[in-house]
Structure formats: structure tokens, C-alpha cells
Protein chains: 4
Amino acid sequence: MSSFSEKQKQFKEQAAHEAIYEATLKVVSRQQGDTPKMQDIAETAGIATGTLYNYFKNKVELLTFVDDKLRQTVLKKIKQVTASNLPADEKLRSVTMEIFSFCRAHRIFFDLAEQFDLKARIPRIQKENGLNQARGCFARILSEGIQQQRFRQVETTMTSKHIFSTIVGTIEIQKWLQDYEMSKEADELTDFFLSYLKM
Amino acid sequence: MSSFSEKQKQFKEQAAHEAIYEATLKVVSRQQGDTPKMQDIAETAGIATGTLYNYFKNKVELLTFVDDKLRQTVLKKIKQVTASNLPADEKLRSVTMEIFSFCRAHRIFFDLAEQFDLKARIPRIQKENGLNQARGCFARILSEGIQQQRFRQVETTMTSKHIFSTIVGTIEIQKWLQDYEMSKEADELTDFFLSYLKM
Amino acid sequence: MSSFSEKQKQFKEQAAHEAIYEATLKVVSRQQGDTPKMQDIAETAGIATGTLYNYFKNKVELLTFVDDKLRQTVLKKIKQVTASNLPADEKLRSVTMEIFSFCRAHRIFFDLAEQFDLKARIPRIQKENGLNQARGCFARILSEGIQQQRFRQVETTMTSKHIFSTIVGTIEIQKWLQDYEMSKEADELTDFFLSYLKM
Amino acid sequence: MSSFSEKQKQFKEQAAHEAIYEATLKVVSRQQGDTPKMQDIAETAGIATGTLYNYFKNKVELLTFVDDKLRQTVLKKIKQVTASNLPADEKLRSVTMEIFSFCRAHRIFFDLAEQFDLKARIPRIQKENGLNQARGCFARILSEGIQQQRFRQVETTMTSKHIFSTIVGTIEIQKWLQDYEMSKEADELTDFFLSYLKM
DNA sequence: TATGAATGAGCATTCATTCAT
DNA sequence: AATGAATGAATGCTCATTCAT
């Protein structure tokens, strides 16, 4: 097959994936609570039900794709902030806020991910990889802060790990309380981190 | 109705509730992954399907009852350790360990609780109540530690709140990684807390 | 459980089986060609879809039950004629006719049986049993005919076996020709058998 | 269109038909039980799915073509044996054996033919034609045998008809018993025919 | 109160066929 | 003629809940 039609095909596939991704998020957020029907996803994406199965073997695989893309998206955002040239303390606040607001925005989908046990579909190594990247961002911010003499000398690996866990736990508790106005919590938490890190 | 038969009735109801509670946990842990069927719960509890509906309006209410009882159980354990006469640092370790091991033991049920969105069935006030009691235990341990001059003078309310969040987050991450050997994590986390609290 | 309610239950089950049996035959003959839908069977039997599954694990098991009952019915008819006090040659004609007319009446169901490969569900021993009973009827008729000196002395076991095969093959060919007016063929075949058996 | 390109086209079509025929048999025997998918047939034949529809209007027509070709094949084999210069009794045995082994080899396809009711697609006249040719072979063998004074003087038309039916019925019963080791049955049956025909 | 048979809505997936390229 | 992605109708089975006994 010519390189051209190969490219065309790949582009088409990518476009379909993108449409299905967005349709899924749309359907999920629309039908709060219920699990999304394949037919609805297809319809929203503007394709036929059967066509979904040209791109994904089954529903779980489709949802896994969306889950993966979603996690990559938040990771990308975190990395962007980490790579920015804000001072370390502001980076820490900004990254924390990013995570909180992303989780709030997509909480219904993440609930779904648990319902379908999507975590079981992701290879362990890939999960650890993602986790380490997220934790790594915090470690880098800590290092920068120490270098900038804004933070005291903490052990960055462990500290970043626990900071990340605290964020996850706080979000989890807020979700359990069904309190989705998370910015106050995010701020309070950042203040706590900064007080811990201040020299 | 006579007071005697009233009592009898209450006793019977309590016995039924107890049997259903245990049957539910048994069925849930047996059928890893699948959601438990009312029929299976009834059969395991030694009653007829229809009888379940004399005690619980529907499946969600039944699961909510179990969920509530389970949370009360772990809270009771935490309180017991908190009320013991161990030194503060050992109490902290012990309470943390309790929470980890309880969540590991009942993780399948807690997954279920999210699937059925049981949190939506519990009144906000009750959820806050439970949460505050758990956090309160940590606050008391911190106070004791400060008094015993084992811990430095930290602000106990906020610190205990964040300690609890960190525990929740760590458990959540371990569950996501499907790494259910949590004792190492519990220890590491306690060490971190203690290093933070040390004078 | 008391013997009475046990009996009641059994009677109810038998009634349900009977109703489902008849509903299936009705639906099958009505919807010539298409495979019967569980919903239609249930509706025709006057019960709910789900109720079918209280009596049969799945569609194949239901059809196997009907298939079995159908074969028992024709076998019973053959046995009745065999046990009658007609002269041997008339018995032979009558039994042959029974088989032809039964297969014509239920040909659509028997086609279905092949479609669902019901033969694979019947234990080999049971199939051989049924086959031997049918062949046995012919053998008995042959013996009688020989005794009555209406037939010459043929080896009854083999002869009856091949007579039965010839009937089956003739029916099969008529079905293939889609010629369902089988009485002519049945008569012609019987004449051939009798000419072979005449002294 | 020029005669040359006409010929070319016909040749191409014939090649395609041949490839599809063989692919179908391959797929059918591979996927025991399931009905063959058009996609699999196309893939196995080395063409695209849509291309199948340039040669056959639909699946039933494709299967009818294969069915027809298969019946022609066995008929050809029977005719070859009939036209050979074996003695009549050996011809009878050989033809019988041919039919048994052919039906065993292609039993899955023949089951399929019933499932798709292919018989309904073949004109009555054509079916009778094929049937008469098969029966005719037996009649010719009988005639020869009588002439060779190996067989007694039987009425060849009816006898050949019933012999053929007996073969069909025996194969049908063996298939129902799922006993595909048919050579013993074929032998036993031929012995019976010969004993009937012996002078 | 207890029983447990009956109810029936709900949904992922397949695959023959089409048609734009 | 060839391609193969897109189409979309069609259906068996589950299981929470009810209700006659």
C-alpha cells in the first residue's frame, strides 16, 4: 500500500478515535450515573453502532482507551505547569489546583472506570510509569524550590510521593462527601504543604 | 402489642440484620468482581429472597446498611487503639495499620459501594460526623504526643486532617496499582509522619 | 416439605413444561424457517420471558426437551401399532405410514433440531436406545409375519435395521425434493418391503 | 467487447469461482459448527469482502453454488465407477463406499446446506435430474449384474431407487449418532444388498 | 411474616450487505 | 472490477422486585 493511503487511513483512524473519545465523555457526563450505552456513544460520535467495533474490540476496551487518554491529558497539564517558569511555590499551588479541577471535571468518568475495573486492563508497568511521572513533577518542583531557597532541604522522592497521596486522598474524601467545590480544599492543602516546606 | 412481643420482634429483626450483614460480606468476597445477587445473599443468610425485602426496601438500602456497619466497625477499632495506653507514636502506627488492613480486607465491598454510589444515600451530616470522629482520633493522638513531648507542637486539627487524607490517598493508589500487600506502605507512611512530628 | 405441596409443585412444573412444549411447536410451525424467539415462545405459552429460564437453562436445553418429547411421541405411536392385533403386513404398512406422517408434520422442528445440533446434546446411549426400540418394532413385526407364515424366513435383526434406514432415507429425499405429499412414497415403499418379504 | 477480452473475463470469473469454492470448503471444515462468515471466505480466497458480491448476489447464492458443485463432484465419481469395467457386485460396493466417504468428508457442509435451506434454491427439475442420475447409476449396475448373471432378475428402477434411499438413510442415522466411522456400515449395507441380489 | 416463582425491561455484540473510492 | 470500512437490525439472558399463597 502506498505511503499516502497508509497515512490517510491512519489519519481517519485517529479522527475516529478522537470523535469516539469526545462522544464518550459527552455521553458520560450527560447520563450522570448510568453506564453509557454503546449505541449512544456511536450516535453522539456520528457513526453507526457497528463502526465502534472497527475501532474497539468491546466496550471495556473503548473505555480503557478513554481512561488512558484522560490520564495522559492531566499528566500533560501537570508537566506543562512543572516546566513553566513560575516560582516553585506557585508551581506547587498550580499543579495541585490542576489535579483537583481535572478530577472534579471528570469525576463521573473516573467513577465509571472503577465500575468497569479498568485498572485491571492497564499493565502494571504502565501504571507505575504514569504514577512516577506525576510524582516526578512534584519532586522536580521540590528540587527547584530547594535550589531557589524557597523550600527547606527535604528528601524530595518520599516527600513528593506523600504529597501526591495526600492530594489523591483529599479528592477522594471530597468526592465521598459529594462536595465538588474543591478549590477551597486545594488551597488549604497547598498552604499546608508550603508551611511544611518553608524554611 | 405487648412490650414482650415488641422486644421479641426487635430481637428477631436484629438477628436478621446480623445474618444478612454477614451473608453479604461472605457473598461479596466469594464472588470477586461480580455484584452480589439478592438471591445469593438470601440463600447464604438462610432466608427466602422475598424476606430480604421485609428488612430492606431494596438492594441499595441493604448495601447501605452493610456499608454503614462496616464503617462503624473500623471506627470502633480506631477508637479502641486511640483509647489504649500505648505511647503516642505507637498509637499512630497502630491506627494507621488498622485502617490499611481493614481497607484491604474489605476492598471489594468498598469498590461495590462506589459502584452503587452508596455515598449518595448517607446524609451529609452523618458522613461529616464519621469523618470527624476518625480525624478526631488522630488529633487526640497528636495532642497526647505533644503533651508527652514525643511530638513537636503542631496544629493538631489541620495536621490530623491531612494525615488522614494521606492515608486514604495511599490506600487508593495501592488499590489502583492492585497492590494489596499494604503493610510496607503503611509502615513507610507512618515513618514519614513520625519524622515530620519528631521534635 | 409436605408430600402434598411437593406434588403440587411437580404438577405445576409438568403443566409448565407441557405448555412450553406446545407453545414451541406452535411458534415453530407458525414462523416457518426463522428460528423461534424465546419471547414468542413465552408469550404463546402465556408466561413471561424470564419464567422460561426457571424451567430451562437456555434455549438449546428447551429445544432439546421438545425434541426428546417429540421422538418419544413417535416411538410411542410405533409401539402402539406394533402391539396391536393387526396382521403383520398391515402392521408394517401402518408403522411406516406413522413415521412418514409424523416426520411430515414436524419437519420444520426437525430441521431446527439440526440447526441447533441437538443431537450433540443427547447421550449416545440414549440415542442408541431410541433407535433400537424403533428397529425392534420392525423386528417384532417381521418375527410375527414369519410365524404367521405371511413372510418368508428372513434374518430379522439386519432386515429390520435396513428397513428402518430405507424409510429414513426416503423421507430425507422427499424433504430434499420438498415433496411433502409422502403417502404415495410410503405406500410404494411398503409394497417393496412386502414383495421382498413375500413367501 | 472483443471476443478475446470476453474470454479473459470468463476465465477470470471461473478462477474466482474456483477460489471461492475451495475457500468456502476450507473455512467450513476449519470452523466446525459455526456458520462461515463472508469475511473469512473472502480472506481465505485472497480477495476483498465486497468482491464476493461481484460473483454472488448473496451468501445463500454462494453456498448454493458450492452445494451444487459438491453434488456434481460426487455424481461424477459415481458415474466414473459405474462406467469402469469392474464386475457388477464390486461396482455396487465401490459406489456405495464412494457415497459414504463423500458424505463423511463433507458432512459439515451438508449440515450447513440444511441450515440455510439450500434445497429451496435449486429448481425441482434440477433436483430430480441429479437424483435420477444417481439412481440411474445403480440401475445400470443392477442391469449389468443381471446380464452378467451375477444378480437375479430384479426390477431395476424401483430396486435402485430403494437401494439409494437405504444408503441415504443409513448415512443420516450415522450422522445423527455422530458416528462418522462409516466404512463398517457401508460394508454391512453392501453385503445386505448383495445377499438380496444373489441368485 | 415468610416464601420463592413469576415478572419483564434492558443491552452488548455480530455479520451480511452496501457503496464511495 | 476491486476494495474494505461503514452500516444497523436483531435477540438471548439476567436479576431486582413483586405478590399470591
Side-chain angles (χ1 to χ4, degrees), chain A residues 1 5 8-9 12-13 16 34-43 45-63, chain B residues 8-9 12-13 16 34-43 46-63 116, chain C residues 1 5 8-9 12-13 16 34-43 45-62, chain D residues 5 8-9 12-13 16 34-43 46-63 116:
Chain A
M1 205 178 290
S5 70
Q8 247 189 348
K9 188 180 155 187
K12 217 172 166 185
E13 176 157 327
D34 270 356
T35 104
K37 300 177 210 163
M38 292 300 266
Q39 215 171 52
D40 289 345
I41 293 173
E43 202 176 343
I47 58 176
T49 317
T51 309
L52 284 179
Y53 291 83
N54 288 338
Y55 296 105
F56 301 102
K57 211 180 68 195
N58 53 39
K59 192 174 182 173
V60 169
E61 212 160 79
L62 187 156
L63 293 176
Chain B
Q8 248 190 346
K9 186 181 157 187
K12 212 170 168 187
E13 178 158 325
D34 272 355
T35 103
K37 300 176 203 167
M38 292 300 266
Q39 219 170 58
D40 288 346
I41 292 173
E43 199 177 347
I47 57 177
T49 318
T51 309
L52 283 179
Y53 289 83
N54 289 333
Y55 297 105
F56 299 102
K57 212 180 71 194
N58 53 39
K59 190 175 182 175
V60 170
E61 210 160 80
L62 187 156
L63 293 176
F116 281 85
Chain C
M1 206 177 290
S5 70
Q8 247 190 348
K9 190 180 156 187
K12 217 172 166 186
E13 177 158 327
D34 269 355
T35 105
K37 299 178 211 163
M38 292 301 266
Q39 216 170 51
D40 289 346
I41 292 173
E43 201 176 342
I47 58 176
T49 317
T51 308
L52 284 180
Y53 291 84
N54 288 339
Y55 297 105
F56 300 102
K57 214 180 65 195
N58 54 38
K59 192 174 183 174
V60 169
E61 212 160 79
L62 187 156
Chain D
S5 70
Q8 247 190 347
K9 186 181 156 186
K12 213 171 167 186
E13 178 159 324
D34 272 354
T35 103
K37 300 176 204 166
M38 292 300 265
Q39 219 171 58
D40 289 345
I41 292 173
E43 198 177 346
I47 59 177
T49 317
T51 309
L52 283 180
Y53 289 83
N54 289 335
Y55 297 106
F56 300 102
K57 212 180 70 194
N58 53 39
K59 191 175 182 176
V60 170
E61 211 159 79
L62 187 157
L63 293 176
F116 281 85

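Chain identifiers are assigned alphabetically (A, B, ...) following the order of the sequence lines, protein sequences preceding nucleic acid strands; residue numbering begins at 1 within each chain. The shown structure was predicted, so the numbers you read here are calculated from the model rather than taken from an experiment.
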Between OH on residue D:Y55 and CD1 on residue D:I47, distance to nearest 0.5 Å: 7.0 Å
Length of the CD-C1' vector between D:E13 and F:dA1, whole Å: 12 Å
B:E61 atom CD, over 12 foreign heavy atoms within 6.0 Å: yes
Minimum heavy-atom distance between B:I41 and B:P36, given as atom pair plus value: CD1-CB, 4.2 Å
Below 4.0 Å: OP1/OP2 of E:dT1 and any side-chain N or O of B:Y55: no
Nearest-0.5 Å distance, CG of residue D:N58 to CG of residue D:L52: 11.5 Å
Separation of atom CG in A:D40 from atom P in E:dC11, rounded to whole Å: 9 Å
Sugar-phosphate, base or nothing in reach of C:L52, heavy atoms under 4.0 Å: nothing
Interatomic distance, A:I41 CD1 vs E:dA12 P [rounded to whole Å]: 8 Å
Min side-chain heavy-atom separation D:V60-D:L63 under 4.5 Å: no
Contact state string [nucleotides 11-21 of chain F, B base, S sugar-phosphate only, - no protein heavy atom under 4.0 Å]: SSBBSSBB---
Close side-chain approach of C:L62 and C:K59, heavy atoms under 4.5 Å: no
Length of the line joining D:E43:CD and F:dA2:P, which is rounded to integer Å: 18 Å
Value in whole Å for how far the P atom of E:dT13 lies from CZ of A:F56: 13 Å
Range-with-range stems of DNA chain E (Watson-Crick or G-U pairs under 3.5 Å, three or more in a row): E:2-21 with F:2-21
Atom pair CE/OG1 of C:M38 and C:T49 - distance to nearest 0.5 Å: 8.5 Å
5'-most by nearest nucleotide on DNA chain E - C:A48 or B:G46: B:G46
